[in-house]
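This report concerns only the one structure given below.
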Number of protein chains: 2
Amino acid sequence: MTELQFNSWQTIQDEVLRRIHVRDWPPGAVIPNEADLAKEFGCARATVNRALRALAEAGILERRRKAGTRVALHPVSRATVDIPIIRQEITGRGQAYDYRCMSRSVTRPPSRVIDRLGIQGGVDCLHVTALHLASGAPFVFEDRWINLATAPDAAEQSFDALSANEWLLANIPYTHGDIRFAAEAASEHDATVLETSHGEPVFVMERVTWDHDRAITFARLCYAPGYGIVTRFGSAP
Amino acid sequence: MTELQFNSWQTIQDEVLRRIHVRDWPPGAVIPNEADLAKEFGCARATVNRALRALAEAGILERRRKAGTRVALHPVSRATVDIPIIRQEITGRGQAYDYRCMSRSVTRPPSRVIDRLGIQGGVDCLHVTALHLASGAPFVFEDRWINLATAPDAAEQSFDALSANEWLLANIPYTHGDIRFAAEAASEHDATVLETSHGEPVFVMERVTWDHDRAITFARLCYAPGYGIVTRFGSAP
DNA sequence: CTGAAAATTATGTCTATACATAATAATCTG
DNA sequence: CAGATTATTATGTATAGACATAATTTTCAG
């Protein structure tokens, strides 16, 4: 018999990947069930389960109860993007971090922001704009609206020295967030702050952070020209 | 005793998140070990392990053998970006998909591409450019170089009807890939193809796909103005 | 006091077994 | 034969116990 000895879930994962790879199990094919694989590999079903579950989370396999496990037909590449604190991102590159608060006021946000935060029209928000610098050069311009209904303590913060980014992270618990990456033309103001020219392409990240169903903050991060996000998908390095 | 009844790993995960949330376990704090938590929650250690491991994968907890488990100090938001096949992305929006191959030749790639593919200078590659359309409008312009040393079968493909994107995915196995997102100014050529104007900000995705240590292809995807990637991080919807 | 060796500890993983759950297939009923 | 009911099946998860592994702490030798 083929009583092979694949003892660890990693080994099993590698073997499954190999079989997909060499088209033993082509895209769309149903693979043997956990019990049979466990017998074949000479291990417990839980070990097979661990391996297959991880591959399903990575988007390589699709699993459904009773229906079984099949190789994903359209292998969506699932890339994980780490979004660090800006300070960390800059110091992590070995550059000096500097922060400059540019404005701070309590006003009624524009409808664009009201929509994103999903709040009522009459609510006032704290509006903070700031510049993050890397080795003295403008790195990213932050335009942030904080929902005072959710984060009232923010009203007492000056955000002179500590960025709203970091203060919120340390003080206001959140459950999840929405992110949008896009390319935009630098506005007159963006351009001035980032020391570039009007209309220049800039990488923009927009984030809305939530605590359950209550919006905490909306931030538009406008990166200096040349910025890009680098990430990877798949297994091996 | 506090013999609470948290039976499922999901319930335990929620409870752990709650404690982090209300600052019972503030950022940086070491939380009790698995055995103690299992006792407290009235479940097996494996169940606690499952819950904590998932949170560690999400970047919320940091775990080290012997040292224990602590709440991440800088909670890096880890967003998962799904990168579907272009056809799928368009039809998924309910739009009609159309594909137009624009050029196809075998030449020596420019140094910029040679660097990304990590190949020797003398190697010829297959260069394919194509346009993907959504409901008749230009959606993304694809500029792709295929390493014929790794994917020799690609030489026999015309890519008239089937995009290189899809052909490669279906025929050439890969292990992993590098991705870069950036904002760039549309080149003269980009602008013509995408029916926009020269210098206009465009969202660019560059991908290098690998089979172990051999590069398969480098693609530069230049999206029509207005495109953005939307994703989310965290748990609750 | 310093550096190497050994004990300790928390996480990491595997096993065997059991039951839960969702989805499909088969069967019964009007 | 349609529609509801029941059986079957593969995955999903829980458990108790065991051993593996990495990292720290303690002990020991010089």
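Any value given below was found using the heavy atoms of this structure, including those in side chains, with hydrogens, waters and symmetry copies removed. Residue numbers start from 1 in every chain, and the chains themselves are labelled A, B, ... in the order their sequence lines are given, proteins ahead of strands. Just so it is clear, the structure is predicted and the values come from calculations on it, not from any experiment.
Classified by interplanar angle (parallel below 30°, tilted 30° to 60°, perpendicular above 60°), the ring pair A:F181/A:F203 is tilted.
Comparing the start and finish of the helix from C:dC1-D:dG30 to C:dG30-D:dC1, five pairs each, the helix axis swings through 0°, to the nearest 10 degrees.
More than 12 heavy atoms of other shown residues, nucleotides or ligands fall within 6.0 angstrom of atom CZ in A:R23.
Annotation: A:Y97 is not in aromatic contact with A:F139 [ring centroid separation under 6.0 Å not met].
Residue pairs that meet the side chain to side chain donor-acceptor pair (under 3.5 Å) test with at least one member in residues 64-75 of chain A, sequence neighbours left out, are A:R63-A:T69. A salt bridge (charged side-chain N to carboxylate O under 4.0 Å, His left out) check over residues 84-94 of chain A, counting only residues at least two apart or in different chains, returns the pairs A:R87-A:E166, A:E89-A:R93.
Near DNA chain C, defined here as any heavy-atom distance below 4.0 Å, the residues from residues 62-71 of chain B are B:R63, B:R64, B:R65, B:K66, B:G68, B:T69, listed numerically. Residues from residues 44-59 of chain B that place a heavy atom under 4.0 Å from any atom of DNA chain D, listed by number: B:A44, B:R45, B:A46, B:T47, B:R50.
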Kindly indicate, with the supporting measurements, whether the criterion salt bridge (charged side-chain N to carboxylate O under 4.0 Å, His left out) is fulfilled by A:R19 and A:E40. CA-CA 14 Å; A:R19 293 188 186 183; A:E40 192 196 340; 2.8 Å; yes
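Listed by chain and residue number, B:H21 satisfy the side-chain hydrogen bond (donor to acceptor under 3.5 Å, both in side chains) test with A:D211 (two or more places apart in sequence, or in another chain). Judged as a side-chain contact (heavy atoms from CB on, under 4.5 Å), and not counting sequence neighbours, the contacts of A:D153 are A:W167. Partners of A:D143 by side-chain contact (heavy atoms from CB on, under 4.5 Å), not counting sequence neighbours, listed by chain and number: A:H127, A:T129, A:F141, A:W145, A:R220. The side-chain contact (heavy atoms from CB on, under 4.5 Å) check on A:D115 picks up nothing, with sequence neighbours excluded. Every residue meeting the side-chain contact (heavy atoms from CB on, under 4.5 Å) condition with B:A51, not counting sequence neighbours, appears here in chain and number order: B:W9, B:I12, B:Q13. Applying the ring-ring contact (aromatic ring centres under 6.0 Å, His included) test to A:Y99 and every residue at least two apart in sequence or in another chain returns A:H132.
What separates CD of B:Q10 from P of C:dA20 is a distance of 19 Å, to the nearest Å. Across the protein-nucleic acid pair, A:N33 atom CG and C:dA23 atom P stand 18 Å apart, rounded to whole Å.
Nucleotides of DNA chain D lying under 4.0 Å from heavy atoms of chain A occupy a range whose first and last members, 5' to 3', are D:dT8 to D:dT13.
Of all heavy-atom pairs spanning A:L126 and A:A154, the tightest one is CD2-O, 3.5 Å.
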